[in-house]
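Below is one structure, written out as C-alpha cells, with a few remarks after it.
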Amino acid sequence: MSAGLPILRLGDILLGGLLSDLDDKTALAFTDELTTRIADEGIRGVIVDISRLEIVDSFVARVLMQLAETGRLLGARMIVAGMRPAVALTLTELGLQLPGVRTALNAEQAMEQLGWRRPAEETSHDS
C-alpha cells in the first residue's frame, strides 16, 4: 500500500484511519489509494476514522471534502468517524465546513449508517 496507512475492506465498505502526524504527501497518497479501490473493487461506502487527529487544518479539511466528492462521483458514500470535540470546535471557529461529508461519533455508528449490521447472536441449540 502506497499511503502507509491501513485500509481494511469489510464487504463493500472500506475502513481507513488517519494518523496524528499526517503530512500532505501521505494524505494525498491515502486519497489516491481510496479512490482507486472504490473504482476497482465496487466499493459503496468509505469510513475514514480521524479519532487520532488532534488537529484538522484547512488542507486536511479540503482533502476530506475532495475525497467525499470523488467517492460520490464513483458511487460511494464517505463517512468521517471519530472526530474529537476539540477538532469540531476548531473547524467551527475557523468557519471550515465539510459539505458532502457525513459524520459519525465512531466507526461502529458509521458502519450502521452504511447499512452494516452486526450478526444477531446465535442462540445455543441442544442437539
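As a basis for the values below, the full set of heavy atoms in this structure was taken, side chains included, without hydrogen atoms, waters or symmetry mates.
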Identify each donor-acceptor pair in which a side-chain atom of residues 71-83 lies under 3.5 Å from a protein atom, sequence neighbours left out, and give them as a table.
residue	atom	partner	partner atom	Å
Arg72	NE	Glu69	OE1	3.3
Arg72	NH2	Glu69	OE2	2.6
Arg77	NH2	Gln113	O	3.4

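- Residues passing the side chain to side chain contact (heavy atoms under 4.5 Å, CB included) test with Asp23 are Lys25, Thr26, sequence neighbours excluded.
- Sorted by first then second residue, the salt bridge (charged side-chain N to carboxylate O under 4.0 Å, His left out) pairs that include residues 10-20, not counting sequence neighbours, are Asp12-Arg44.
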Under 3.5 Å donor-acceptor pairs involving side-chain atoms of residues 85-94, not counting sequence neighbours:
residue	atom	partner	partner atom	Å
Thr90	OG1	Ala86	O	2.8
Thr92	OG1	Ala88	O	2.9

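- Considering only heavy atoms from C-beta on, Phe30 stays 4.5 Å or farther from Val63 through its side chain.
- In this structure, Val48 is a member of the same hydrophobic cluster as Leu28, with clusters built from ILVMFWY side-chain heavy atoms closer than 4.5 Å.
- Across Ile47 and Ala107, no two heavy atoms sit closer than the pair CD1-O, 4.1 Å.
- Leu10 is linked by a side chain to side chain contact (heavy atoms under 4.5 Å, CB included) to Leu15, Met111, Trp116, counting only residues two or more places apart in sequence or in another chain.
- Annotation: the span from Arg37 atom CZ to Leu14 atom CG amounts to 5.0 Å, rounded to 0.5 Å.
- Interatomic distance, Leu98 CG to Leu64 CG, rounded to the nearest 0.5 Å: 6.0 Å.
- Listed by first then second residue, pairs satisfying side chain to side chain donor-acceptor pair (under 3.5 Å) with a partner in residues 45-59 read Asp49-Ser51, not counting sequence neighbours.
- The side-chain heavy atoms of Glu33 and Ile7, taken from C-beta on, include a pair separated by under 4.5 Å.
- Applying the side chain to side chain donor-acceptor pair (under 3.5 Å) rule to Arg84 yields no partners; only residues at least two apart in sequence or on another chain are considered.
- Every residue two or more places apart in sequence or in another chain that forms a side chain to side chain contact (heavy atoms under 4.5 Å, CB included) with Gln109 is listed here: Ala104, Leu105, Asn106.
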